[in-house]
Amino acid sequence: MKIIVLMKEVPDTYGERKLNLETGLAERGESETVLDEIGERALELAVAQAGQIDDVEITVVSMGPTTATATLRKALAMGADRLVHIADEKLAGADLGLTAEILSAAIRRAGFDLIIAGNVSTDGLGGVMPAMIAELLGVPHASTLSSVDISDGRVSGIRETDSGSMRVTAELPAVISITDRFPAARFPNFKGIMAAKKKPVETLTAADLGIDPEALDTPRSIMLAVSQRPPRAAGTKIVDEGDGGEKLAEFLVQNRLA
Amino acid sequence: MMTAFPADAILVLIEVMPSGALARSAAGLLGAASDVGTPVALIVTGADRAASAAQAAGELGAAFALTADPGTDSSSLAVPTVDALSAAADLVRPDAILVSNSIDGRDIAGRFAARSRLALAVDAVGIARDEEGIVAHHSVYGGAYTVDCAPTFGPPVVTVREGAVEVRAEATTPQVELLSVTPSGAAAATIESFEERAVTSSRPELRGAARVVAGGRGLASQEQFALVEELADVLGAAVGASRAAVDAGWVPNSYQIGQTGISVSPQLYVGIGISGAIQHRAGMQTAKTIVAINKDPDAPIFDIADFGVVGDVFTVVPQLIAALSARKA
C-alpha cells in the first residue's frame, strides 16, 4: 500500500514569527523553522500502520523552499521511505488553489492508496488542503479524524465536528486528515538517522509537474496589503493586597463587562 | 419563473444543526454579506425543515433563501453540499461565496473552490468591497499581522472565522426558492453514525463566545479547575484552557485555546493561572479586553493584559466571584 504523508516546514510557534511587510511572505530567516507538529503526527500514524500492514511504502510530499530539505529529512529519519520535495522559486507565495494543484500532481505522479495530512497547519491554520486535494484527485476524504482503522481496502474512523462526533468510512484510495488526539511522533533514533541518508529524495519544480505557476487562466488569491498590528500595550497591573478580586470586579463593571 | 438575483448578490452557505436550528455562525455570515451586497442564503436540509430554516435565515437578513434537499445523499460527507453550492453559484452568479470556517465549512469550501477553480481565502475576520470586488481581511500569526487578500479575477470563496464579524443584518422576509441540484457523483466518505455532543451545561460554546474564562497550570489540579467554571458561570462565559491544563488531563481537548486549539476573539477574556506562552496567546490575543490573574509578576500574559492582578488565584478569584455575585443579587 502506498501511503502519502503531507508535511511542511513552518516557523516555530514557540518563537516570534514575522511576515515581510513588502512581500507579505514569511520571513524564513527570522524565525526557527521546524516540521509542523501535526504533520509529524500524521507520519507517526503512517509508520504505525506500516508496522501492521505488509508492503507499505511511505512517501512524504512537501512543497517549500529549497532550504526546507534539511528540515524535511527528519521525516526520513522518523520512518518515511522517500521524500518528494517540490521546491520552485515561482511557487513562493502560492495561494491555496495553486498549492492544491501542485500537491495533487505530485501525489498522482508518486501513486497513492491513502493520503494522510494534519487537520490544520500551525502557520496558515487553513485546514482546507486535504479536501481540495481529494476533490482534484476525485477521491473521498474524511477530515478531522481522532481515530483511524485501515482494513479491507477501506479507511474508517471517528470524525470530530463542531456539533458531535461521527463514524465515517471511505473506500481507498482516499484522503484523511487527523487531529492532535493522535500520539506525538517518535524521536528519530541513531539507526533511523543513519538509514535516512540512503533514502531517496526527489526534488521537483512546477514545470516537472506540468504546471505553470504564472498562468493567468485560473483565478488566484493575491495579497493586497499586509500590516503589523501595533503590539498590544499592557494596561493596569496591580499586586493583590487583599482586595485584588474586588478591584478586578470594579474594572469589569466599569467597562460593562460584568 | 426564475428568480432574478441582484448583481451584488453574496451567496452564503448556512449550516443547519442536527436539531434543525441554524448554526450560530449564520448571523455573522449574513451580517458580513449584508455589509457588501445582497445576502442570498443556501440551506441544505430535509424538505420538512426547509421552510422554517429559510424563515430563520430571513430573520438574520437573507433577502433570498435557496433550499436544497440532500435526500438519500445525506449520509455522504460534504459532497452533496458542495454539489448544492455549485448549483447555487451557477444560478446566482454571486460576487463572493461565504462559508463558516467551521470543520464542515472548511471541507465544503475547500472542495467547492477546487472544483470550481475559484480563489479561496480562509479564516477571514471580515470582508469589504472595493471598486474591483470583494476583499477578505485576515488576522495572521495570532493577530500579529493584518493581511488583505483578493482574487485576481472571479468571485472569491471565503471562510469566515466564527465570532469575528459583529455586523448584523436587518430582519426581512426572504424570497424562497427550491434549488434543483444535479449530483456530481464525486466520491465521498460515508457517515455511518452520528452522535450529537451532549450539552453538558448551559454555558456558551467556546468557539464564537462573547466572553471566555480560561484556566491554566496555576489551577494545580482538576478539582481546583472548578474555580474557572464557577467564574465563567457568574460572567455567563464559555470555559477554555491552556494546553498545560489539557495535557494534565483536567479538561477535554475541546477546551484548548491556542495555536493547536481554538482561536477566540471574545469581548472579554479572563486568564486564570495562565502564564501566556506564545502558543496560547496566538489563540486569544485578539480579544477586545484581556484580564489576567497570576502569581508570577513576570508572566508574559501581563504584557498584553488590559487589567492584571498579581496574586494567588485561590484568593483573588473567589473574592472576584463574591463581588460579582453581590452586585447581581
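No part of B/A210 comes within reach of chain A, as not one of its non-hydrogen atoms sits under 4.5 angstrom from that chain. Heavy atoms of A/A134 lying under 4.5 Å from chain B belong to its backbone as well as its side chain. For A/V253, the part lying under 4.5 angstrom from a heavy atom of chain B is the side chain only. Using a 4.5 Å cut-off between heavy atoms, A/A174 makes no contact with chain B at all. Only the side chain of B/R207 comes within contact range of chain A, judged by heavy atoms closer than 4.5 Å. For B/S139, the part sitting under 4.5 Å from any heavy atom of chain A is the side chain, from C-beta outward, and nothing else. Both the backbone and the side chain of A/L257 come within less than 4.5 Å of a heavy atom of chain B. Contacts between B/K288 and chain A at a heavy-atom distance below 4.5 Å involve the backbone alone (N, CA, C, O). B/V135 touches chain A through its side chain: at least one heavy atom from C-beta onward sits under 4.5 Å away, while N, CA, C and O do not. For a residue to count as touching a neighbouring chain, one of its non-hydrogen atoms must lie under 4.5 Å from one of that chain's; by this rule A/E171 does not touch chain B. Looking at B/D303, only its backbone comes within 4.5 Å of chain A, counting heavy atoms on both sides. For A/V139, the part lying under 4.5 angstrom from a heavy atom of chain B is the backbone only. Residue B/T190 touches chain A through both its backbone and its side chain, counting heavy-atom pairs closer than 4.5 Å. Only the side chain of B/L235 comes within contact range of chain A, judged by heavy atoms closer than 4.5 Å. In this structure, chain A has heavy atoms under 4.5 Å from both the backbone and the side chain of B/V309. Contact annotation for B/I321: neither backbone nor side-chain heavy atoms come within less than 4.5 Å of a heavy atom of chain A. The contact between B/T286 and chain A is made by backbone and side chain atoms together, counting heavy-atom distances below 4.5 Å. For a residue to count as touching a neighbouring chain, one of its non-hydrogen atoms must lie under 4.5 Å from one of that chain's; by this rule B/P18 touches chain A with the side chain only. There is no contact between B/E15 and chain A, counting heavy-atom distances below 4.5 Å. Neither the backbone nor the side chain of B/A109 comes within less than 4.5 Å of any heavy atom of chain A.
The pair B/D107-A/R159 meets the salt-bridge criterion, since a charged nitrogen lies less than 4.0 angstrom from a carboxylate oxygen. Between A/K8 and A/E40 there is no salt bridge, since no side-chain N of the basic residue sits under 4.0 Å from a carboxylate O of the acidic one.
Heavy-atom pairs under 4.5 Å with chain A were tallied for B/R211, B/K295, B/E205, B/H137; the largest tally goes to B/R211. When each of A/G235, A/S143, A/G127, A/P140 is checked for heavy-atom pairs under 4.5 Å with chain B, A/P140 comes out on top. With respect to chain A, the highest number of heavy-atom pairs below 4.5 Å among B/A189, B/P297, B/A305 belongs to B/A189. For the set A/I158, A/V120, A/T169, the entry with the most heavy-atom pairs within less than 4.5 Å of chain B is A/T169. Comparing A/S121, A/G242, A/A234 by heavy-atom pairs within less than 4.5 Å of chain B, the highest count is held by A/A234. Ranking B/Q256, B/E192, B/Q285 against chain A, the residue ahead of the rest is B/E192, based on heavy-atom pairs under 4.5 Å. Heavy-atom pairs under 4.5 Å with chain A were tallied for B/T146, B/V147, B/V122; the largest tally goes to B/T146. Of the listed residues B/G311, B/S75, B/A187, B/A121, the one with more heavy-atom pairs under 4.5 angstrom with chain A than any other is B/A187. Interface remark: of the candidates A/D217, A/I133, A/I38, A/D217 forms the most heavy-atom pairs closer than 4.5 Å to chain B. Residue with the most contacts toward chain B among A/E160, A/E101, A/M129, A/R181: A/R181 (heavy-atom pairs, distance under 4.5 Å). When each of A/S156, A/G138, A/A142, A/S227 is scored by its heavy-atom pairs under 4.5 Å with chain B, the top score falls to A/S227. The choice from B/F194, B/F112, B/F307 that makes the most heavy-atom pairs within less than 4.5 Å of chain A is B/F307.
In B/Q267, the CD atom is crowded: over 12 heavy atoms of neighbouring residues, nucleotides or ligands sit closer than 6.0 Å.
Here the side chain of A/D36 pairs no donor or acceptor atom with the backbone of A/G39 at under 3.5 angstrom. Side-chain atoms of A/T71 do not come within 3.5 Å of backbone N or O of A/E9 as any donor-acceptor pair. Judged by distance alone, with hydrogens and angles left aside, the side-chain atoms of A/D95 form a donor-acceptor pair with the main-chain N or O of A/L98 at under 3.5 Å. Under the 3.5 Å distance criterion, the side-chain polar atoms of A/E44 are left unmatched by any main-chain donor or acceptor of A/A185. For A/S221 (side chain) and B/A119 (main-chain N/O), no donor-acceptor pair under 3.5 Å exists by modelled atom type. Side-chain atoms of A/R41 come within 3.5 Å of backbone N or O of A/F182 as a donor-acceptor pair.
Proximity of B/H138 to B/C149: side-chain heavy atoms (C-beta onward) are separated by under 4.5 Å at one or more points. Inter-residue side-chain proximity for B/V82 and B/R115 is flagged as met; some heavy-atom pair is nearer than 4.5 Å. Side-chain contact between B/N294 and B/V310 is absent, with no heavy atoms from C-beta onward closer than 4.5 Å. Within the 4.5 Å cutoff, no side-chain heavy atoms of B/L227 are placed close to those of B/I272. Within the 4.5 Å cutoff, no side-chain heavy atoms of A/V61 are placed close to those of A/V5. The side-chain heavy atoms of A/R154 and A/L172, taken from C-beta on, include no pair separated by under 4.5 Å.
Between the side chains of A/N119 and A/T144, not a single donor N or O lies within less than 3.5 Å of an accepting N or O. At a cut-off of 3.5 Å, with distance as the only test, a side-chain donor of B/R111 or A/H141 sits close to an acceptor on the other residue.
The shortest heavy-atom contact between B/S100 and B/E162 is OG-OE1, 4.4 Å.
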